[in-house]
Enquirer: 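Before we start, here is the structure in question, set down as structure tokens.
All values below were derived from every heavy atom in this structure, side-chain atoms included, with hydrogens, water molecules and symmetry-related copies excluded. Everything numeric here is computed off the predicted structure, so don't read it as measured data.
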Amino acid sequence: PGVNASQPLSLTLVRQAGTNRYVFSDRTDSSFASLGGFFPINGSMYGNYSSTGKNFHFTFELDTEFMYQEGAGQIFTFTGDDDVWVFIDGKLVIDLGGVHSAISQTIDLDRLAWLESGETYSLKFFFAERHTTQSNFRIETTLTLRNVQLPTTSALHD
């Protein structure tokens with residue numbers, strides 16, 4: 001308490017018309033487009049920077065599941081800045097560690113030899129914003145991600 005604080009955040013990935021691609025982008029999402037980036041805790045938690053009026057230095061975790069279908073062209077792409085790690089079935093598949101401008105990395109699930117078609121796997125996504133000039137966040141995927149129950153937080157502290 002007093003050091004770490006948490007709050008739930010839901011993200012909606014929008015199906016792109018005529019495709020099997022689902023996208024969340026801070027540039028087009030109605031909650032973030034007017035903020036000039038991914039700033040989910042502006043005005044809350046430990047406050048905004050006085051120089052920018054934005055709240056940097058936060059983390060975000062996504063925990064979901066999907067069913068792997070061999071040969072279906074399933075991909076997961078993240079574009080953003082600062083630290084991002086994506087794990088499928090507990091194995092690191094995307095590593096964008098470090099403070100940097102927005103970059104992208106894609107994992108083609110057909111390249112993951114341990115996946116078996118028709119089986120359900122976990123996808124865990126960890127994001128840490130540390131850059132104090134911008135915050136970019138975009139997910140694009142052809143995976144059908146399952147809604148999951150948000151984890152309980154104890155008095156908003158983890």
Side-chain angles (χ1 to χ4, degrees), residues 1-66 74-109 121-158:
V3 176
N4 295 318
S6 64
Q7 67 185 32
L9 174 68
S10 296
L11 298 181
T12 301
L13 280 73
V14 178
R15 185 173 185 197
Q16 303 303 290
T19 74
N20 66 341
R21 292 182 302 117
Y22 293 84
V23 174
F24 171 86
S25 173
D26 64 81
R27 301 299 183 226
T28 58
D29 183 83
S30 61
S31 297
F32 298 99
S34 65
L35 300 177
F38 186 64
F39 296 102
I41 61 170
N42 269 1
S44 65
M45 301 290 196
Y46 295 112
N48 297 352
Y49 277 76
S50 60
S51 60
T52 64
K54 296 182 178 178
N55 195 334
F56 291 93
H57 299 301
F58 58 88
T59 62
F60 176 75
E61 176 183 352
L62 172 69
D63 188 354
T64 187
E65 295 179 335
F66 66 93
Q74 292 176 307
I75 58 104
F76 184 92
T77 300
F78 179 77
T79 302
D81 58 281
D82 297 345
D83 304 301
V84 171
W85 299 278
V86 179
F87 294 83
I88 293 178
D89 194 32
K91 296 171 179 69
L92 182 65
V93 296
I94 291 179
D95 182 348
L96 296 175
V99 178
H100 49 76
S101 296
I103 56 175
S104 296
Q105 191 168 1
T106 298
I107 184 65
D108 176 347
L109 275 64
Y121 293 94
S122 67
L123 184 143
K124 296 186 186 289
F125 175 94
F126 300 94
F127 174 85
E129 181 58 67
R130 299 186 293 149
H131 207 200
T132 58
T133 59
Q134 59 183 323
S135 181
N136 300 285
F137 192 104
R138 185 176 190 278
I139 292 173
E140 180 174 333
T141 188
T142 57
L143 298 173
T144 302
L145 301 173
R146 296 187 177 155
N147 288 330
V148 295
Q149 286 298 114
L150 292 174
T152 57
T153 56
S154 174
L156 295 178
H157 296 91
D158 285 336

Enquirer: Once rounded to the nearest 0.5 Å, what's the spacing between atom CG of L13 and atom OH of Y22?
Expert: 9.5 Å

Enquirer: Can you name the residues that form a salt bridge (Lys or Arg N to Asp or Glu O under 4.0 Å) with D108, not counting sequence neighbours?
Expert: none

Enquirer: State which residues pass side chain to side chain contact (heavy atoms under 4.5 Å, CB included) with N48; sequence neighbours excluded, sorted by chain then number.
Expert: N42, N55

Enquirer: Got a sec, which residues hit ring-ring contact (aromatic ring centres under 6.0 Å, His included) with F56, two or more places apart in sequence or on another chain?
Expert: F39, Y49

Enquirer: For the residue pair F38 and F32, categorise the inter-ring angle as parallel (less than 30°), tilted (30 to 60°) or perpendicular (more than 60°).
Expert: tilted

Enquirer: Ignoring hydrogens, what is the shortest heavy-atom contact between G90 and S122? Give both atom names and the distance.
Expert: N-OG, 4.3 Å

Enquirer: Could you give me the CA-CA distance, side-chain angles and deciding distance for F127 and L62, then say whether side chain to side chain contact (heavy atoms under 4.5 Å, CB included) is met?
Expert: CA-CA 9 Å; F127 174 85; L62 172 69; over 6 Å; no

Enquirer: Using 0.5 Å steps for rounding, measure from the CZ atom of F76 to the CD1 atom of I107.
Expert: 11.0 Å

Enquirer: Sub-3.5 Å donor-acceptor pair from the side chain of T64 to the main-chain atoms of R146, do we have one?
Expert: yes

Enquirer: Return the set of residues passing side chain to side chain donor-acceptor pair (under 3.5 Å) with T133 (not counting sequence neighbours), or none when no residue passes.
Expert: H131

Enquirer: Any idea how F78 and F137 line up, ring-wise: parallel (<30°), tilted (30 to 60°), or perpendicular (>60°)?
Expert: perpendicular

Enquirer: Working to the nearest 0.5 angstrom, can you tell me the gap between I139 CD1 and F125 CZ?
Expert: 4.5 Å

Enquirer: Mind checking what makes side chain to side chain donor-acceptor pair (under 3.5 Å) contact with N20, not counting sequence neighbours?
Expert: none

Enquirer: Report yes if some heavy atom in the side chain of L109 is under 4.5 Å from a heavy atom in the side chain of L143; otherwise report no.
Expert: yes

Enquirer: What pairs of residues pass the salt bridge (Lys or Arg N to Asp or Glu O under 4.0 Å) test when at least one of them lies in residues 81-94, not counting sequence neighbours?
Expert: D83-R130, D89-K91

Enquirer: First locate atom CZ of R138, then atom OG1 of T77, and finally report the distance between them rounded to the nearest 0.5 Å.
Expert: 8.0 Å

Enquirer: What residues form a side chain to side chain contact (heavy atoms under 4.5 Å, CB included) with Q16, not counting sequence neighbours?
Expert: V14, T19, R21, V23

Enquirer: Among residues two or more places apart or on two chains, list those pairs meeting salt bridge (Lys or Arg N to Asp or Glu O under 4.0 Å) that have a residue in residues 33-52.
Expert: none

Enquirer: Taking side chain to side chain donor-acceptor pair (under 3.5 Å) as the definition, give me every residue that meets it alongside T142, ordered by chain and number, with sequence neighbours left out.
Expert: none

Enquirer: List in chain and number order the residues that pass side chain to side chain contact (heavy atoms under 4.5 Å, CB included) with A33, two or more places apart in sequence or in another chain; answer none if no residue qualifies.
Expert: none

Enquirer: Could you pull out the closest heavy-atom pair between P40 and F58, with the gap in Å?
Expert: CD-CZ, 3.4 Å

Enquirer: Once you round to the nearest 0.5 Å, how far does CG of L96 lie from OG1 of T79?
Expert: 8.5 Å

Enquirer: Looking at every heavy atom in both M45 and A5, which two are closest together, and how far apart are they?
Expert: SD-CB, 3.5 Å

Enquirer: Hey, could you give me the CZ/CZ distance between F126 and F60, rounded to the nearest 0.5 Å?
Expert: 11.0 Å

Enquirer: So which pairs with a foot in residues 23-32 pass side-chain hydrogen bond (donor to acceptor under 3.5 Å, both in side chains), sequence neighbours left out?
Expert: R27-N136

Enquirer: Not counting sequence neighbours, which residues clear side chain to side chain contact (heavy atoms under 4.5 Å, CB included) with T144? List them please.
Expert: none

